[in-house]
2 protein chains.
Amino acid sequence: MADHMGGSGTGGGEQLLFLTDDQLRRGIEAMFFAYRGFTADPDRILNERGYGRAHHRAVHFISRSPGTTVNNLLGILGVTKQSLNRVLRTLVDDGLVESRVGSHDRRERHLFLTEDGLELERHLSEAQRGRMRAAYREAGPEAVAGFRLVLEQIMDPDLRRHFKTLKEGQ
Amino acid sequence: MADHMGGSGTGGGEQLLFLTDDQLRRGIEAMFFAYRGFTADPDRILNERGYGRAHHRAVHFISRSPGTTVNNLLGILGVTKQSLNRVLRTLVDDGLVESRVGSHDRRERHLFLTEDGLELERHLSEAQRGRMRAAYREAGPEAVAGFRLVLEQIMDPDLRRHFKTLKEGQ
DNA sequence: CTTGGAAAGTCAACAAGGCTGACATAAACT
DNA sequence: AGTTTATGTCAGCCTTGTTGACTTTCCAAG
């Protein structure tokens with residue numbers, strides 16, 4: 001099924017797709033169930049250490065962009081500073097994150113993972129990558145390309161900007 | 001890129017994939033950002049009416065399987081009966097869901113959407129389908145097939161069972 | 001017919017993690 | 001000097017998850 005003309009080019013605009021509500025509904029349910037699996041392994045690890053998903057997100061993006069500022073993180077995570085601050089405070093108090101006053105602009109705080117923070121990040125991301133790796137292997141390389149392409153289209157434009165910045169940038 | 005041997009067959013086992021941690025990390029971030037977009041439109045609608053995602057999930061799966069029991073819903077949603085019950089109670093009180101005592105087994109409650117419930121469900125799912133449809137169109141049919149394939153592999157086995165039951169069943 | 005247990009509902013208490021609003025401080029900008 | 005920006009913090013609220021305890025209903029097996 002679904003072998004009309006191919007054309008897997010990235011920039012391609014509309015193609016002749018007949019998408020029934022039922023097909024779309026299956027995609028929606030797939031997203032729902034898959035996201036549960038996607039977060040299941042990290043959730044277990046976090047739970048053991050008394051953290052939640054919010055801590056994972058902070059740790060992930062600090063690891064991804066060491067020295068990032070609070071404001072930048074707020075843009076990526078899309079939460080209020082109060083929410084983020086509560087999470088960051090516990091991470092700093094627990095010695096997983098270091099917050100350094102900016103040298104250029106001393107209002108800013110630059111965030112870094114400590115050794116312990118890096119250890120947790122490795123643990124979490126290894127678990128999550130393990131599942132993704134297994135899924136990718138089962139599905140095959142073409143499926144993976146499609147997977148990423150569709151996900152990118154589902155994003156809100158400003159989040160896609162963040163995503164692409166992370167993708168390309170350093 | 002990624003054009004070794006193709007072989008997009010569904011049951012295929014391992015293929016020669018070289019997956020760097022960086023490629024996997026991008027997939028993980030794609031899931032994170034995409035899920036935000038995925039829920040953004042329904043969240044807006046729910047917010048206007050004073051409901052949350054938990055209500056959406058209940059309404060969705062009741063709509064999907066009218067007459068389903070509370071226990072079945074618990075298995076699908078993976079929450080405690082107390083959590084689900086709180087949500088169901090407000091939906092019943094607000095006249096969006098009808099809870100009928102089972103005729104065969106009168107301990108069970110069978111759940112149905114009322115006219116108002118159907119109206120909300122249509123509103124929510126039309127918004128969500130709209131985004132999925134647009135994403136599918138942009139990404140193309142092959143990408144969509146890959147998208148669904150990878151998502152299915154990310155699921156936990158028991159959730160995959162639920163997913164497939166919903167996919168095929170009635 | 002009695003009793004064990006499953007299904008469902010309810011109450012209470014708690015925690016995580018969102019939110020808003022108000023306010024403080026320091027630093028940078030104009 | 002005055003304004004804006006970046007951050008932090010306090011207080012309070014909401015949703016949605018949790019556990020634990022208890023009741024009611026009612027099927028089904030002894």
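Side chains are part of it too, since the values below use all heavy atoms of this structure and drop only hydrogens, waters and symmetry mates. In the text below, chain A, chain B and the rest are named by the order of the sequence lines, each starting its count at 1.
A salt bridge is absent between A:D156 and B:R36: the closest approach of a Lys/Arg side-chain nitrogen to an acidic carboxylate oxygen does not fall below 4.0 angstrom. The pair B:R89-B:D93 does not meet the salt-bridge criterion, since no charged nitrogen lies less than 4.0 angstrom from a carboxylate oxygen.
Annotation for A:R49: atom CZ counts as buried by contact number, over 12 foreign heavy atoms lying within 6.0 Å.
The separation between B:L88 atom CG and D:dG17 atom P is 12 Å, rounded to whole Å. Protein atom CZ of B:R44 is 18 Å distant from nucleotide atom P of C:dG18, rounded to whole Å. Distance CG (A:D105) to P (D:dT7): 8 Å, rounded to an integer number of Å. Rounded to an integer number of Å, the gap from A:L74 CG to D:dA6 P is 10 Å. Atom CG in A:L77 sits about 9 Å away from atom P in C:dG18, given to the nearest Å. Spacing between atom NE2 of A:H104 and atom P of D:dT7 amounts to 13 Å, rounded to whole angstrom units. Atom CG in B:L73 sits roughly 15 Å away from atom C1' in C:dG9 (whole-Å rounding). Protein atom CG of A:L46 is 15 Å distant from nucleotide atom C1' of C:dA15, rounded to whole Å.
Residues A:T90 and A:D94 have side chains that never bring a donor and an acceptor to within less than 3.5 angstrom of each other.
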Give me, pair by pair, the N or O atoms of the protein and of nucleotides 21-26 of chain C that are less than 3.5 Å apart, along with how far apart they are.
unit_1: C:dG21; atom_1: O6; unit_2: A:Q82; atom_2: NE2; d: 2.8

Give me, pair by pair, the N or O atoms of the protein and of nucleotides 12-15 of chain D that are less than 3.5 Å apart, along with how far apart they are.
none

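For the pair B:T80 and D:dT18, the criterion of a side-chain N or O lying under 4.0 Å from OP1 or OP2 is met. Phosphate contact (OP1/OP2 of C:dT10, side-chain N/O of B:N85, threshold under 4.0 Å): present. In this structure, A:S83 reaches the C:dC19 phosphate: one of its side-chain N or O atoms is under 4.0 Å from OP1 or OP2. An OP1 or OP2 oxygen of D:dT7 is reached within less than 4.0 angstrom by a side-chain nitrogen or oxygen of A:N71.
A cation-pi geometry, defined here as NZ or CZ lying under 6.0 Å from the six-membered ring centre and within 45° of its normal, does not hold between A:R57 and B:F32.
Residue contacts shown for A:H110 are absent, as no nucleic acid heavy atom lies under 4.0 Å away.
Residues that satisfy the side chain to side chain contact (heavy atoms under 4.5 Å, CB included) test with B:R161, not counting sequence neighbours, are B:D158. For B:E126, the salt bridge (charged side-chain N to carboxylate O under 4.0 Å, His left out) criterion is met by no residue, not counting sequence neighbours. The ring-ring contact (aromatic ring centres under 6.0 Å, His included) check on A:Y35 picks up A:F38, B:Y35, with sequence neighbours excluded. Looking at residues two or more places apart in sequence or on another chain, you find no ring-ring contact (aromatic ring centres under 6.0 Å, His included) involving B:H110.
Comparing C:dC19, C:dG9, D:dT18 against the side chain of B:V79 picks out D:dT18 as the nearest.
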